[in-house]
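Data first, discussion second: the structure below is written as structure tokens.
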Amino acid sequence: MIVRQFISWIRTAPAGERAEATRALARAWLISDLSEDDRIAAEGALLMLLDDPSPLVRQAMSEVFARSSDAPAAIVQALSLDQPSIALSVLEHSPLLIDADLVDIVATGNSDMQCAIARRINLPPSVSAAIAEVGSAAAALELIENAYAELAPFSWDRIVERHGHLAAIRESMLVLEDLPAATRVALVAKLSETLAQFVVARNWLSADRAGRLANEARERSAVNIAAHSRGDDMQGLVRHLRATGQLTAGLILRALLSGNLELFDAALAELADLPLARVTALLHDRGGASLQALLIRAGLPESTFGAFRIALEVSQETGFVDTIGGAARLRRRMVERVLTHCETDRKAAEPLLILLRRFATESAREEARLFCEELVADEAFVPAVRDLAA
């Protein structure tokens, strides 16, 4: 009887009053002990109100039903497809929307609706993949910052591919501790590409020089990221480098000259299509024949074999670095030994010598920088000790 009176009254009531009455009816449907007949009548009235010309009425229903798992499913479904101001709360919170509903709305909705979905708790990989594939940059940013969203590796890569040129996207991704190493490298590549295009457009550098500097920056970053990677993360990084054409002899030589044996082993295992344990065993054979056979199988240029051999010999003499920072920097002694050998080796090609000379300059500058930082640290330490002793 009450519901019949409500339906009769609401036909002529002002929009604001209709909205408040609708809110009360929706709450009653959720929490009141209605009879079966009244519950059916109330649901019918609420369904009818979905056609109300005032968005205030539908907004009232959305606010009441958005977080409830007991709300009428048909009404929640209709509200999720309404105009954004009404749908957003339902899209962000309703537990009644299934993954297929959310994927469809991501594909057809606007950026605000995509952002609301991206903020959902326990967002499954399928919905995250849809946002990564077709979502706006704002939705991708919401997804990145949602600690409860599950993203498959290919979704991370798709976000980088579509939005990696945007600083906000890069900054939000790079602070994530569990971001795959391959994705970090892809982000660096996007940044390098963006910076290269910028300096060329300003006529600050030629396209060739900007491209070379960007490539060197990518290689340094790849070795640095690899220094923080282990196991499956390292394998994924190496596969990404190979797929994108970055797993070159120059990058592999840089890894070895930095003392990063993990990246060196993984790179050769990937190129030679051999188990990692087998490659590691071959590299510890000091006879030299195993290394050459491995380099041939990996398809590396013969002109680089001498450089790899000398670098490996020096590494075995001095030992490999055991710190992350050390594995990310070229080791000056190794670089100079390899350069000295290659300058007298007739098989060493000119491009290799140019590369090694650049490595020598880079390692010398890095060593000088570290030395100066240590001096400054010592200067700051001495007065502090004197103050404590006084």
Between side-chain atoms of residues 121-132 and protein atoms elsewhere (two or more places apart, or another chain), which donor-acceptor pairs fall under 3.5 Å?
unit_1: Ser128; atom_1: OG; unit_2: Pro124; atom_2: O; d: 3.2
unit_1: Ser128; atom_1: OG; unit_2: Glu150; atom_2: O; d: 2.9

Kindly list each side-chain donor-acceptor pair under 3.5 angstrom involving residues 202-213, sequence neighbours excluded, with atom names and distances?
unit_1: Ser206; atom_1: OG; unit_2: Arg209; atom_2: N; d: 3.2
unit_1: Arg212; atom_1: NH1; unit_2: Glu216; atom_2: OE2; d: 2.8

Can you list, pair by pair, the side-chain donor-acceptor contacts under 3.5 Å of residues 232-240, counting residues two or more places apart and other chains?
unit_1: Asp233; atom_1: OD1; unit_2: Ala181; atom_2: N; d: 2.9

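Connection of Ile310 to Leu257 is established within a shared hydrophobic cluster, with ILVMFWY side chains joined at heavy-atom distances below 4.5 Å, either directly or through further cluster members. There is a path of hydrophobic side-chain contacts, each under 4.5 Å, that joins Leu261 to Leu271. Both Ile296 and Leu352 belong to a single network of hydrophobic side chains, linked directly or stepwise wherever heavy atoms of I, L, V, M, F, W or Y lie under 4.5 Å apart. Under the 4.5 Å side-chain contact rule for hydrophobic residues, Phe154 and Trp156 do not share a cluster. Val160 and Leu166 fall within the same hydrophobic cluster, where Ile, Leu, Val, Met, Phe, Trp and Tyr residues are linked whenever their side-chain heavy atoms come under 4.5 Å apart, directly or through other members.
Once rounded to the nearest 0.5 Å, the distance linking CG of Leu300 with CD1 of Ile252 reads 5.0 Å. In this structure, CG on Leu187 lies 4.5 Å from CE on Met173, to the nearest 0.5 angstrom. Atoms OG1 and CE, on Thr108 and Met113 in that order, are 6.5 Å from each other to the nearest 0.5 Å. With values rounded to the nearest 0.5 angstrom, Ile169 atom CD1 is found 4.0 Å from Ile144 atom CD1. One distance of note links CD of Glu133 with CZ of Arg162; it measures 6.5 Å at 0.5 Å rounding. Interatomic distance, CZ of Arg220 versus CD1 of Ile225, reported as 12.5 Å (0.5 Å rounding).
Here the side chain of Arg27 pairs no donor or acceptor atom with the backbone of Val64 at under 3.5 angstrom. When atom types are taken as modelled, the side chain of Ser80 and the backbone of Gln77 share a donor-acceptor pair closer than 3.5 angstrom. Looking at Ser68, its side chain never comes within 3.5 Å of a backbone N or O of Phe65 through a donor-acceptor pair. Between the side chain of Ser94 and the main chain of Arg67, no donor-acceptor pair closer than 3.5 Å is present. Listed for the Ser221 side chain is no donor-acceptor partner under 3.5 Å among the backbone atoms of Arg218. The backbone N or O of Asn224 sits less than 3.5 Å from a side-chain atom of His228, completing a donor-acceptor pair. The main-chain N or O of Ala118 is found under 3.5 Å from a side-chain atom of Asn146 such that the two form a donor-acceptor pair. A donor-acceptor contact shorter than 3.5 Å is absent between the side chain of Asp104 and the backbone of Asp101. A donor-acceptor pair under 3.5 Å is formed between the side chain of Arg184 and the backbone N or O of Leu174. A distance-only check finds no donor-acceptor pair linking the side chain of Ser62 to the backbone of Arg58 [under 3.5 Å].
The pair Asp52-Arg18 meets the salt-bridge criterion, since a charged nitrogen lies less than 4.0 angstrom from a carboxylate oxygen. Note on Arg120 versus Glu92: no salt bridge recorded, every NZ/NE/NH1/NH2 to OD/OE distance being 4.0 Å or above. Classification of Arg331 and Glu367 as a salt-bridged pair fails, no side-chain N sitting under 4.0 Å from a carboxylate O. Under a 4.0 Å N-O distance rule, the pair Arg309/Glu313 qualifies as a salt bridge.
Closest non-hydrogen pair, Pro55 versus Ile86, comes out as O-CD1, 3.8 Å. Leu356 and Cys342 get closest at one heavy-atom pair: CD1-SG, 3.7 Å. Closest approach of Leu47 to Ala74, counting heavy atoms only: CD2-CB, 4.3 Å. When all heavy atoms of Leu263 and Ala226 are compared, the closest pair comes out as CD2-CB, 3.6 Å. Scanning both residues, Gly164 and Lys190, for their nearest heavy atoms gives O-CB, 3.7 Å. The shortest heavy-atom contact between Leu25 and Ala42 is CD1-CB, 4.0 Å.
In this structure, Val57 and Leu50 have side chains that are not in contact, with every pair of non-hydrogen atoms separated by 4.5 Å or more. Side-chain contact between Val188 and Arg170 is absent, with no heavy atoms from C-beta onward closer than 4.5 Å. Between Arg39 and Glu43 the shortest side-chain heavy-atom distance does not fall below 4.5 Å. Considering only heavy atoms from C-beta on, Gln246 comes within 4.5 Å of Val185 through its side chain.
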- Task: Decide side chain to side chain contact (heavy atoms under 4.5 Å, CB included) for Leu330 and Val223; before the verdict, give the C-alpha distance in whole Å, the side-chain angles of both, and the deciding distance to 0.1 Å.
- Result: CA-CA 10 Å; Leu330 289 166; Val223 174; over 6 Å; no
- Task: Please report the C-alpha distance between Leu291 and Leu295 in whole Å, then the side-chain angles of each, then the deciding distance to 0.1 Å, and finally whether the side chain to side chain contact (heavy atoms under 4.5 Å, CB included) criterion is met.
- Result: CA-CA 6 Å; Leu291 173 63; Leu295 295 175; 3.9 Å; yes
- Apply side chain to side chain contact (heavy atoms under 4.5 Å, CB included) to Leu143 and Ile117, showing your working. CA-CA 9 Å; Leu143 184 64; Ile117 293 173; over 6 Å; no
- Task: Take Arg365 and Glu362 through the test salt bridge (Lys or Arg N to Asp or Glu O under 4.0 Å) and record every step on the way to the result.
- Result: CA-CA 5 Å; Arg365 294 177 66 177; Glu362 180 184 330; over 6 Å; no
- Task: Kindly determine whether Thr304 and Leu253 satisfy side chain to side chain contact (heavy atoms under 4.5 Å, CB included), including the steps that lead there.
- Result: CA-CA 9 Å; Thr304 64; Leu253 184 58; 5.9 Å; no
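Annotation for Arg357: atom CZ counts as buried by contact number, over 12 foreign heavy atoms lying within 6.0 Å. Other residues, nucleotides and ligands contribute at most 12 non-hydrogen atoms within 6.0 Å of the CD atom of Glu302. Other residues, nucleotides and ligands contribute more than 12 heavy atoms inside 6.0 Å of the CZ atom of Arg369.
Residues Asp157 and Thr183 bring a donor and an acceptor atom of their side chains to less than 3.5 Å of each other.
Under a 4.5 Å side-chain heavy-atom cut-off, the cluster of Ile, Leu, Val, Met, Phe, Trp and Tyr residues that includes Ile354 has no other member. Applying the 4.5 Å side-chain rule to ILVMFWY residues, one finds Leu191 in the same cluster as Leu195.
The side chain to side chain donor-acceptor pair (under 3.5 Å) check on Glu20 picks up nothing, with sequence neighbours excluded.
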